[in-house]
Structures are given as structure tokens and as C-alpha cells.
Protein chains: 2
Amino acid sequence: MNLKELSSLLGLSQTTVSRALNGYPEVSEKTRARVIQAAEAHAYSPNTRAQGLATGHSKCIGHVISVSDSAEMVNPIFGDFMAGAGETYSAHGFDMMVTRVGAEDEADTYRNLKARGAVDGIVVHAPRRNDSRMALLDKIGLPYVVHGRSTGVTTPYSWLDVNNTRAFSEATSYLVGLGHKRIALINGQETMDFAIRRRSGYESSLRFAGLTIDPALMSTGEMTEAYGYDQANMMLDVDTPPTAFLVASIICAAGIRRALDERGLRVGKGVSIVTFDDCLSYFANGGDRPVFTAWQSSVREAGATLAEMLIHRIRAPRAPHDTKLWEAAFVEGTSTGPAPGTSKD
Amino acid sequence: MNLKELSSLLGLSQTTVSRALNGYPEVSEKTRARVIQAAEAHAYSPNTRAQGLATGHSKCIGHVISVSDSAEMVNPIFGDFMAGAGETYSAHGFDMMVTRVGAEDEADTYRNLKARGAVDGIVVHAPRRNDSRMALLDKIGLPYVVHGRSTGVTTPYSWLDVNNTRAFSEATSYLVGLGHKRIALINGQETMDFAIRRRSGYESSLRFAGLTIDPALMSTGEMTEAYGYDQANMMLDVDTPPTAFLVASIICAAGIRRALDERGLRVGKGVSIVTFDDCLSYFANGGDRPVFTAWQSSVREAGATLAEMLIHRIRAPRAPHDTKLWEAAFVEGTSTGPAPGTSKD
DNA sequence: CACATTTGTCAAAGCGCTTTGGAATGCCGC
DNA sequence: GCGGCATTCCAAAGCGCTTTGACAAATGTG
């Protein structure tokens, strides 16, 4: 069923039917009701491509997932982020397109998406320090919002970020307060801006506490379970091993827990773990008995909110940029306790 | 830059330019080269919507993620599956659209996707027993492939599935061979066909071994880490607790491991764990020292292959249906060992 | 009751592409 | 020198929708 068929069926012109369905005032409420009823009865939905051609909008948002050779991993937060964003999109009648692309082709992908008119806007994921994507997108005129921020980019843009510096600084102080002096940082890849921020929060709290910043206790890599396991084992094998781990992802924290368990170290007694928690739906860490002491922020809500921001941006491209800095919430779990040998102990 | 501009720039008609770019033979190689070069120089990409309107194809594949109230979880395999499929799509010039929808609106979404001409085909995820989606899609004439199978659906369709029955039957026999007599099954939600298959594999091996099938040792639910943890704890609290766990997902297995560790039970010694492993990129269980003894099959490869199958299907809708039954691969990890009290022990 | 407005509807153009059905052009052999 | 045949190109129609500009019909005004 298309417009032509529907309108001839109703004995009306295509114009009138189109206007009736799109809520234009030039049509009487009586005909509008008749049209809407007929449209529903025949399950008519306007052809997306034709509509897009005529209006110049695609009503579609792009998500570009770039996969570098060094980071073949699929980010575990991906699913939850999409779920959140998808909810917002469908509420607003937008489609969601996801493109997987090698990191080296990312810029071309954006240009192509724009040239083809495939999307009305995009979400920029995992911004790096001095990320060049914002300038590119500004240049080609494709609306966007950023999940995170990019230090070094001075032109304004819309973003939503978690206060990572603060979260990691507080987490470090929290461990210091428990008497820990050897605190390891198992960080994400420090090509990403948020990972750099996390480290700086960690370092500043160590400095404030008068503790030495030991490169041997800091590592950066893909946040997999295996990575956490490996790093924990390596660090525990040295002379003065850490008594606490500060971790960038709950997946990674699970790996660390495994290493500790295997060594017979009691998590929360001998060794403490604090982690950042993205509130992944399949790895819950909340309710009445959180496993890990954590600073948490829902990536799913971030997805929903960023989607909302982007849609606003598309509707009002000249509106001032919107920025949101969310504070992570503290949850005390059972994975932390006083450092061994502390007076309290 | 659009076709009209490009062609007037070249002093050619739109027809010729279009044909040159689309590889039609009616244009001389000399002009073709000239056209291609100009197209690249001006970064021309045909407008997706216009192209789609003219050809009647959208060059886009849909993935519908339905979220029921009972299953709010985002499936952790989602990301990896998409990554695999996305790779194939971009290699073939297809876009990928994902729609998140409440389970009750799933049928409408398919109809709508078809009516709007938004996609050329879709991937059906997580088929249930007697799944009605295949009949619906056949009826509305939307090409599709199924990730999994649906017992009870008799009309042919294209699918790719892992031999879940076999994997779980073998896994059970393996545990039986190690002397285990109380083997728990921590299954996924048994609304899904694959979960039913897994249980039946498990039950048939128990029956074959002359062991009793104890409902107290079988549970079904969303495969989260917390679910594994909870179920393990519950089952270990009864009179004759299981000495082995057979688990449907590595995420869930991680939760079971946590419960065991917490109770001071040594995984692979006192209690064994065997799991199905989807080879998630952030939760690797392989290489030289696999953590879990597992039957594994890469969901990422499944995504890539299903995408390939679907594209074939779209190109040749009348071709006979393609079906692929993959065998899961056995990996021996450190999570299994002889049952306590066994002669070997 | 003639005229100016408003209201409800329509025909047609246009969005950017593909594709059908010609129409030139060049080259061949006789 | 002319018909026949490739070869190379083009004009125009059409995909299904929105939107402009125009036009009847209904309403209001003096």
C-alpha cells in the first residue's frame, strides 16, 4: 500500500492524505479522521526512502564502531549503550544505523555517511585526546554528540561524560583512607581520553596523600577479563605487591578477583578491589549486596540521554552546545577492607 | 555533489555517469575511467535514499532486538554478533539497522520495516519454540535468516545453529566420566529453543548414565553473573549438593566461580564447572591456558556467516534454504576434575 | 446580494537516482 | 557510397513521497 493507492481508495488527492497524516492544519478534522482510520486499516506506512528524499532528512542516527588492529575487542558496554539509545530513538521515530569499520577508515566513513545522506547525525564513541573527529564532523556539517570528552579540542561541541577524574581520585582516597599504600591502577587503553583522566585522578590523590607514584603499579590495556587476571598476577609477583586494585571496568575486576581467589587471597580482606562500574545489565553489582565497592554510572542511561541530546541538536543545529558532566555514584561492596597491618586491622 | 552536478561537470549525461559508476558495459572504458576519477576527486557517493527509491532496494539489513519485561537484560553476545555481521555487511556494501523494541511490538516492527521499505532483510534472534516470526516474515515477504532454530516450525527456513543438544550431552557425559553423579544445569531462559535443546542433551546423557534427573539441580533464567552466583549458592545449600555445574554462558559461569571461591571450594577440585562459551572478545577462555572446560563456538563468526547467508538469500530469494549446524569445539580447562570420593581422587 | 475571506482540496513540481527506449557516431564490407 | 552493425551516449520516465501555488466551495461582511 502506498500513498497513491491509499488516496485513490479514499477518493482524495495524495496531497490531502499526506497532510492529514502529517498533522497539517489545512485539512478538516473529519477527513483527517477518515484518512487515519484508512491508513491503519491498510497498515500504511510511508516509504522511508521516498519520505527521506522528499524531506531531505533520513530520520536515522549513525553509530560508528571503529575497530583498530590493536583493539579488536568489542567493547562490552556497547550493547547496553545501544539499548539505552535505541529506546530514545524509537520514541522519537528515528532509526539507528551501526557501522563497523577499521579505525583507519573512520574519517571516510563519516564523509560517506554524510555524502550518501544516510544519517542525520552521529554519536562519537570513545574520544581520544586531541580527537580529530569533531573538527571533521564540523567541517562536513554532520551533527553529532560525543560520549565522553576530548582534552585538547577547543572548539565547542556537545558531550556527556562521567566525571572520571573525580571518581578515580575519590576511589584512590577511599583506599588511602583504608590504609592502603600500594594501590595498583588497572586502566583502560590510554589512547582514550577518559582513561587518561582516570589516571590523573588516581595520581593526584596519591600525590595528595604523599604516596609515591609507581609505574610498576600502573597498567593500561583492553579491559577484558583475561587482562585483569594477567595484570593482577604480574603485579602480585613483585617484591612489594599492591594491597589494593583500582580497576576501570567490572569485567576486568572479575579477572582480578579470579587471580586473587586462585592465590588464596581473600578479596576485601588481604587485598581490596575498587572498580568503575558501567552498570552492565548482565553483570549487575548493586542491590542489597554489591560485590565490588565501586563508582558507578549507567552506560545505558548515558546512551538514552546522548540520543536525546543528538535529536535536539539535529532539530536545532544552531542552538548552543549542551554539555553534561555526570558524577559517578559510590557503592560500598564487600571487595574492600583495611590494608593488612593497619591499626584497625 | 550529486549526479546532476557531477555529470554536467564532466559534460556527460546523468545516464552515462550512472552507468560508468555502476559498471554497465554500455560505456567506453575511457569515459568510465574519467568518470570514476572525477567521482573520487569530488567525493561523490550516490544518495542512499534516491538510489533506494529508484532500485527498490535499501541495501540495509535489520536486526530487531526485542526486550521483554521479563528479560530486560541486554544479551552480552549482542556486541560480538554485531561485530561479526557488520564486517560482512560493509564488505558487501550493506548498512545495518538495529531496532530495539518491546517484545509485544515485535511483529508490528517487522511489518513496519517491510512497509516502509527500510530493510531488505532481517536476522531473527533468539528463536523460541514454535516461533511465530518465521511464518509472519514469510507472509509479509521479508527475507530473513535465523540465528538458531525453532522446534515445531515445519516450513523450511534458513538458519545457522550450534549443535546445542550434542554439546550439552557430551559435556554431561564428560562430567559423568569424571565420576560426577550430582550435576547441576544452570540454563538460559527456557522460552528460547536453544535452552530447551541444551536441557534435553543434558537429560539424555544423565538418563543414559542411569543417573536421576533432579529438578532441584536444574534452573533456568537470564544468564547474568549474579544469576550464576545465586543459583550456585542455593544449590550448594541443600542436603546433597551438586559436585559439578553445567552452565549455559561464561558470564554465568563466572558467577558460579565466585560463589565457589567464596565458600572456599576449589574449582576443578571439589567442584567442577563446564560451560558453553560464545567466545566473547572481552571474556576470552582460550589460548594456552583456558580457564573453563568448555564447549565453544564463536558468536562473532556466527554473525559473519549469517550475514553472508542473508545477503545470498536477498539476492536469490527463490534459492533453496540454507541450513548450517555447527559443532561446538571442546576445550579442556582447569575448571574440571574428578568428583570427590572417586577412586581416581 | 455582491464581494472579500477563509477553508478544504488538488495538480504538479521536485527530491536524486536508475533504467528504458531511442538516437547519433563510427566502422565495416560490398 | 550506402545499408548494416556495434559502440557510445542521451532524454525522459518513474520510484513514493512532500510541498508550493492555485482553485473551488463555504463562510462572513456590508
Side-chain angles (χ1 to χ4, degrees), chain A residues 1-36 38-39 42-60 93-95 112-120 315, chain B residues 1-36 38-39 42-60 93-95 112-120 315:
Chain A
M1 175 65 53
N2 60 23
L3 225 211
K4 200 197 235 171
E5 288 164 22
L6 184 66
S7 49
S8 80
L9 205 101
L10 281 160
L12 292 170
S13 76
Q14 297 190 33
T15 312
T16 306
V17 175
S18 168
R19 288 196 157 146
L21 293 173
N22 292 327
Y24 282 78
E26 298 94 333
V27 47
S28 72
E29 283 311 314
K30 209 179 107 205
T31 17
R32 190 193 304 282
R34 200 162 67 94
V35 169
I36 288 175
H42 296 86
Y44 166 75
S45 306
N47 181 296
T48 306
R49 297 187 301 275
Q51 203 165 27
L53 231 205
T55 58
H57 309 302
S58 60
K59 289 279 269 179
C60 185
F94 273 80
D95 287 322
N112 192 253
L113 247 25
K114 168 71 179 182
R116 288 165 50 214
V119 300
D120 287 342
R315 294 202 176 131
Chain B
M1 174 67 50
N2 60 23
L3 226 211
K4 198 197 236 170
E5 289 164 22
L6 184 65
S7 49
S8 79
L9 205 100
L10 282 159
L12 292 170
S13 77
Q14 297 190 33
T15 311
T16 306
V17 175
S18 169
R19 288 196 158 147
L21 292 174
N22 292 327
Y24 282 77
E26 297 95 334
V27 47
S28 72
E29 284 311 316
K30 209 178 108 206
T31 9
R32 191 192 303 281
R34 201 161 66 93
V35 169
I36 288 175
H42 296 86
Y44 167 75
S45 306
N47 181 295
T48 306
R49 297 188 301 275
Q51 203 166 26
L53 232 206
T55 58
H57 309 302
S58 60
K59 290 279 268 180
C60 185
F94 273 80
D95 287 322
N112 192 253
L113 247 25
K114 168 71 179 180
R116 288 164 51 214
V119 300
D120 287 342
R315 294 201 176 131

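Each chain gets a letter, A, B and so on, in the order the sequences are listed, and its residues count up from 1.
- Nearest heavy-atom pair across A/Leu21 and A/Ala39 is CD2-CB, 3.9 Å.
- Put simply, CZ on B/Arg34 and CG on B/Leu10 are 5.5 Å apart, with the number rounded to the nearest 0.5 Å.
- Rounded to an integer number of Å, the gap from CD of A/Glu26 to P of C/dG8 is 10 Å.
- In this structure, the CG atom of B/Leu10 is 17 Å from the P atom of D/dT8, given to the nearest Å.
- For the atom pair CG (B/Leu53) and CG (B/Asn47), the distance works out to 9.5 Å, reported to the nearest 0.5 Å.
- At least one donor-acceptor pair under 3.5 Å links the side chain of A/Ser7 to the backbone N or O of A/Leu3.
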For each nucleotide in nucleotides 11-19 of chain D, reading 5' to 3', give B when a protein heavy atom comes within less than 4.0 Å of its base, S when such contact involves only the sugar-phosphate, and - otherwise. BB-BBBBBB

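- The line from CG of B/Leu12 to OG of B/Ser18 is 12.0 Å long, rounded to the nearest 0.5 Å.
- Residue A/Thr31 places none of its side-chain N or O atoms closer than 4.0 Å to OP1 or OP2 of C/dG8.
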